[in-house]
Amino acid sequence: MIVDYPALIEHLTRDEKLIFYGLLARNLTIANRSVWSDGDLAPTEQIERMKWLIEVTHRVLNRLTDLLQNQDNWSEKDVWDLIAHHAAQNSAVGADVGFTIEHSYAGLLKYLDTKL
């Protein structure tokens, strides 16, 4: 089943978005650390993957900053279009980003479940 995460995130409250994007930023740094420490990857591949993971992380941190400052410099669609663009530059990065999005959304649901 394909999940439309941009649509799901669009309908979250501001506080829920802050939690989701915070989890996503953290999980992206973990993915980047995993690439950096993978001794089986050629150094050029490590750099290529890390570059695109950093670009995705940058977009996520921009969105977090907007939310924290109550600004709407970027719409959810704009942010997700940029995330998709950067993730598509390397298939392994696309897989890592997809996993981090799924994991972050699951973390949000778990957090919300404990609040009920």
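Here, residue 1 is the first one in the sequence, and each next residue gets the next number.
- Here the closest non-hydrogen pair linking Val56 and Ala87 is CG2-N, 4.0 Å.
- For the pair Pro6/Leu8, no side-chain contact is recorded, criterion being any heavy-atom separation below 4.5 Å from C-beta on.
- With respect to His58, the side chain to side chain contact (heavy atoms under 4.5 Å, CB included) criterion is satisfied by exactly one of Asn62, Leu61, Val60: Asn62.
- Residues Leu24 and Ser104 approach most closely at CA-OG, 3.1 Å, considering heavy atoms.
- Lys51 NZ: more than 12 foreign heavy atoms inside a 6.0 Å radius.
- Separating the CG atom in Leu108 from the CG atom in Leu12 is a distance of 6.0 Å, to the nearest 0.5 Å.
- Smallest separation of non-hydrogen atoms from Lys17 and Ile9: CE-O, 3.1 Å.
- Under the 4.5 Å side-chain criterion, counting only non-hydrogen atoms from C-beta, Val35 is in contact with Asp96.
- With a 4.5 Å cut-off on side-chain heavy atoms, His85 and Glu55 do not count as touching.
- Distance check: Leu64 CG to Arg59 CZ gives 14.0 Å after rounding to the nearest 0.5 Å.
- Of all heavy-atom pairs spanning Asp40 and Asp38, the tightest one is N-OD1, 2.9 Å.
- The CZ atom of Arg33 sits 12.5 Å away from atom CG of Leu53, with the distance rounded to the nearest 0.5 Å.
- Of the inter-residue distances, the one linking His86 atom NE2 with Trp52 atom CH2 reads 6.5 Å to the nearest 0.5 angstrom.
- For the atom pair Ser34 OG and Leu28 CG, the distance stands at 12.0 Å (nearest 0.5 Å).
- Residues Leu68 and Val79 share a single hydrophobic cluster, defined by chaining ILVMFWY side chains whose heavy atoms lie under 4.5 Å apart.
- In summary, Glu10 and Lys77 do not engage in a salt bridge, as defined by a charged side-chain N under 4.0 Å from a carboxylate O.
- The hydrophobic cluster containing Leu109 also contains Tyr111, counting ILVMFWY residues as joined when their side-chain heavy atoms lie under 4.5 angstrom apart, directly or transitively.
- The OH atom of Tyr21 lies 10.0 Å from the CG atom of Asp66; values are rounded to the nearest 0.5 Å.
- Between Tyr105 and Phe20, the ring-plane angle classifies as perpendicular under the 30° and 60° cut-offs.
- Cluster membership check: Ile30 does not share its hydrophobic cluster with Leu41, using side-chain heavy-atom separations under 4.5 Å among Ile, Leu, Val, Met, Phe, Trp and Tyr.
- Pairing each heavy atom of Met50 with each of Asn32, the nearest pair is CG-OD1, 3.0 Å.
- Clustering ILVMFWY residues whenever any of their side-chain heavy atoms sit less than 4.5 angstrom apart, transitively, puts Trp80 in the very cluster that holds Val3.
- The cluster map of Ile, Leu, Val, Met, Phe, Trp and Tyr, joined by side-chain heavy atoms under 4.5 Å apart, puts Trp36 and Ile54 in different clusters.
- Residues passing the side chain to side chain contact (heavy atoms under 4.5 Å, CB included) test with Asp15, sequence neighbours excluded: Thr13, Leu18.
- Electrostatic pairing of Arg49 and Glu45 counts as a salt bridge here, judged by a charged N lying under 4.0 Å from a carboxylate O.
- Minimum heavy-atom separation, Asn90 to Ala92: OD1-N, 2.9 Å.
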